[in-house]
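Just so we're clear, the structure is a prediction, and the values are computed from it rather than from any experiment. One-based numbering, in listed order, for ligands and for the atoms of each. When a residue number appears, it is its place in the shown sequence, counting from 1.
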Amino acid sequence: MPHLAIDATCLPQYDKLDRPTRERLIAVTRKFRELPLHALMSHPDLRIRPLTAGQDPRIRTFRISDNWTGVMLAPESGETFLLVHLLPRDSAEEWAGDQRHDVNSVMGTLERRDATALERASSSRHRAAPDTAPPPPPRPSTAGAGGGSDAGRANSTEARDTGGTGGPGWAEGTGRARGADGQSGADLVGRTGDTSRTRGAIGTDDGPAAPDARAPSTPMSSPATHLSPAPGAAVGSATPNGPSGPDRPNGPSAPDRPNGPTRTDGPDDQNGETGGNDATGAEPTAGLLSHVSDRDLARLGVDPEIRDFCRSLSGIKELRDWRPALPQDQYEVISALAEGHPVARVLDEVVAPRRPVIGAVATDDYDTAIRHTRERVIVIGDDQEIEDILAGEFNAWRIYLHPKQRDLAYRARFNGPAKVSGGPGTGKTVVALHRVKYLAEHLPLDGRVLLTSFTNALVESLKRNLALLLPAELVADVDVVTTDKLALDVVKEEYPDVRLRTDTRGVFANITRQHRLPFPVDFLFSEYRHVIMAQGITTLDGYLDPDARRGRTLPLSVPQRRQVWQSVSEARAMMRNSRRLPAEDLHAEAARILDSRPGKPYTNLVVDEAQDLHPAQWRTLRAAVTRGHNDMFIAGDNRQRIYDNTVSFRRLGIAVVGRSYPLRVNYRTTEEILTWADGIMRGRPVTELGESAPEPAGSTSCVLSGPPPELHGAADEPAELDALAERVRRWLADGIAPGDICVTARTNRLRDSVTAHLRARSLPASMFNPGKHAVTDAAGTVRVTTMHGVKGLEFRAVAVTGATATALPQMDHVTSADLDEHQHQADLDAQRSLLYVACTRAREHLYISWHGTPSPFLPL
Ligand SMILES: Nc1ncnc2c1ncn2[C@@H]1O[C@H](COP(=O)(O)OP(=O)(O)OP(=O)(O)O)[C@@H](O)[C@H]1O
């Protein structure tokens, strides 16, 4: 019986079909599963036909409706058909005729190339004089021939003459691709306005999307590379782009980016490799790949046609321009080599994760290759599966993982705690969720998984997404709770009347006042939080130990230490007596209880947004899980640390050495936004998650590109709010759904003013408090929240308001430098990160405003 597999690039196009056409397509897919081969091929309604002319004899078209045609790959052997595209009838043949599908026998994957474009380019290169400018890369065509004028649409002026019906694989392939006239994407964007695209979201559920809101969520092409940067390579999101095809909106090319700071990170000192080209697009003097032998390229799965073509390119920038036409996995190999990564490493990190366990796949074994291309292809098992994929909200992350993501999520065994780090939007949460799936699927008889994060809002979001990924019976084996709730539940088992206290600083203020202590309340509170509880000090002697206050800048004499200890002990006793414990004490108690028990409640633990947890919380987590392989899987990013917690995994007994993995492809944010936002962090050292050592330098490539962030300085707050309202109105007019827009403010006061201001202008706005609301609440409105509130979420458009010098940093939340220089800097860094987090929640559009003097954190 035939099988139908679906190429991920179809799915954005599917979103554009009207309901009857969708139903028709679903009915067609059913026929593939129900009819024997001969009946299928001769079915009168389907009209399965070979192309009259084309690059690939295996391609067939079939009728979906009067207006829509399906393009599929029908291999000569086997019965697995691959649906590769959905196109308006009058343009299907032309697109299909240009494409060729080949089996990459080294990686065992099925790849697609625009064979016509490559042939044309190669032959004109042969003819051209050596200094003649090469022909322009193929024009990416829009996927949205049937989709109207959506804001997220790829650059419509670059559409094919036939009406812009190119395949999603190529459609929004690159923001850098040029039109036939050689006009740059940037120029075209200048004329056509916003051309960015969005993708399926995790961490947010913003209600009905604009027509295209989730269109390009398919990682048909592999992201550029998950490798760390090559030494000498400039790093940053200016490195090769992520997936071509639908993932990549057309937008300004990197050199045209305004406000795009040049990254200055140094070489990757982790591996000590040398060499490498400039990944920012500077052209190498020799041709691309001149440093790699033909033999090595063959070992890496690069075929002679692609090898010769890429060798003729002048450098990385041109390679990127050609990305939409190149076979996806080979592109990833070549861009990694072009960045200067050594062959062995590319073999290890790009080729090996794709290589099939069964060994090499024969070049004519399309059936195996289709099944093996899990990053881009899903083979439909039953009706329910197709309904799940084609009905309702499609979430690419559920199905298509980058090989690196898949390797981490589905690895059978880590010999102890493992850590996944990476910048915003690199899919850490996605990997964490898939890891939970793997663990739940492989639980021992009495096993149980804990998935935890910092805030209620984050946990709610994890719960929702887990339910999309796991069947209910597996979800039942997973607890998804905040770390504080875990501790509270443990303590309550012994002391049912205990509650969590949130006014701890007030208690310390009382003690400071009552005892007329010679230091401010913040100092006392900080000694409690960052010295005593962070290190788990339980005795006066421990506190008097000269090492206890290492790193604190204000020296304390022994009598002063005694006084601090005395005061802190008094405050703690008072809180214990009232049975209302601050989080730090609650966790100390929970860890003590868990440590005293022979059995642990969990066999496996997965932590998301790990950077914000306090050492006391880590002790609870460590004590809640049985030590052993696969015990802890930790995802986080210290750039996004918005609470001033510094953690040493080593000191907490969480040994991740040798099991630390970076993710380096940003799937959420456009390159323009990420590059600008990275400027906020420039100059500030970012430490490795759970370590005090600096994070190894690393480049992050972006899958998306779009317009640069918009900056607006106003004279005063009313003028700032007026401009904001105008901005929101324009987003709405451009077709962005209210629920896809978020406005963030530094303070609760400003959040409330913004909400009132937008509403007074008849804009559909609602205040969002992550403590009280689920992200699905008021999903049809523009959500207005604080910068803390937006953590873990993502929206097509984000406005960051009140980025004013007096609000960012908010100095009343910053420890005085006189009191403690180290803490002062940590507090400032936490606020800097807060701005960074808010800005990196934007998928396509970012607007930042202030009044008066702008925040010094802004990279202006
Ligand atoms: N392999 C993938 N294919 C498609 N989309 C993906 C993939 N991996 C991640 N995404 C999408 O990228 C976005 C960011 O993913 P995720 O929230 O997991 O990143 P993160 O690293 O946890 O981000 P942050 O640290 O900023 O919270 C989400 O919309 C997610 O659905």
**Q** Give the numbers and elements of all ligand 1 atoms closer than 4.0 Å to a heavy atom of Gly427.
**A**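 That gives atoms 9 (C), 15 (O), 16 (P), 18 (O), 19 (O), 20 (P), 21 (O) of ligand 1.
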**Q** Any idea which atoms of ligand 1 are less than 4.0 Å away from a heavy-atom of Glu794?
**A**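 Listed by number with element: 13 (C), 14 (C), 28 (C), 29 (O).
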**Q** Below 4.0 angstrom from a heavy atom of Gln640, which ligand 1 atoms are there? Numbered from 1 as shown, please.
**A** 24 (P), 25 (O), 26 (O)
**Q** Taking 4.0 angstrom as the limit and counting only heavy atoms of Thr426, give me the atoms of ligand 1 inside it, by number and element.
**A** 19 (O), 20 (P), 21 (O)
**Q** For Arg639 and Gln611, which I'm curious about, is there any donor-acceptor pair between the side chains at under 3.5 Å?
**A**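 Side chains of Arg639 and Gln611: no pair found under 3.5 Å.
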**Q** Short list, please: which atoms of ligand 1 are under 4.0 Å from a heavy atom of Arg841?
**A** 24 (P), 26 (O), 27 (O)
**Q** Give me the ring orientation class for Tyr410 and Tyr438: parallel if the planes are under 30° apart, tilted from 30 to 60°, perpendicular past 60°.
**A**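 Ring orientation, 0 to 90° scale: perpendicular.
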**Q** For the residue pair Phe414 and Phe633, does the interplanar ring angle fall in the parallel (under 30°), tilted (30 to 60°) or perpendicular (over 60°) class?
**A**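 The arrangement is tilted - the two ring planes meet at 30° to 60°.
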**Q** Any idea which atoms of ligand 1 are less than 4.0 Å away from a heavy-atom of Glu609?
**A** 27 (O)
**Q** Measure the acute angle between the ring planes of Trp731 and Tyr847, then classify it against the limits of 30° and 60° as parallel, tilted or perpendicular.
**A**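 Ring orientation of Trp731 relative to Tyr847: perpendicular.
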**Q** Out of His402, Gln405, Lys428, Arg639, whose heavy atom sits nearest atom 20 (P) of ligand 1?
**A** Lys428
**Q** Asn104 and Thr109: side-chain donor and acceptor closer than 3.5 Å?
**A**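 No - no donor-acceptor pair under 3.5 Å links their side chains.
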**Q** If only side-chain N and O atoms count, and only distance matters, is there a donor-acceptor pair under 3.5 Å linking Tyr836 with Arg641?
**A**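 Side chains of Arg641 and Tyr836: no pair found under 3.5 Å.
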**Q** Closer than 4.0 Å to some heavy atom of Leu401 - which atoms of ligand 1 meet that?
**A**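 Listed by number with element, the hits are 1 (N).
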**Q** With a 4.0 Å cut-off on heavy atoms, is Gly422 in contact with ligand 1?
**A** no
**Q** Hey, are Glu460 and Arg464 close enough for a salt bridge, meaning a charged N less than 4.0 Å from a carboxylate O?
**A** no
**Q** Does an N or O anywhere in Gly792 fall below 3.5 Å from an N or O of ligand 1?
**A** no
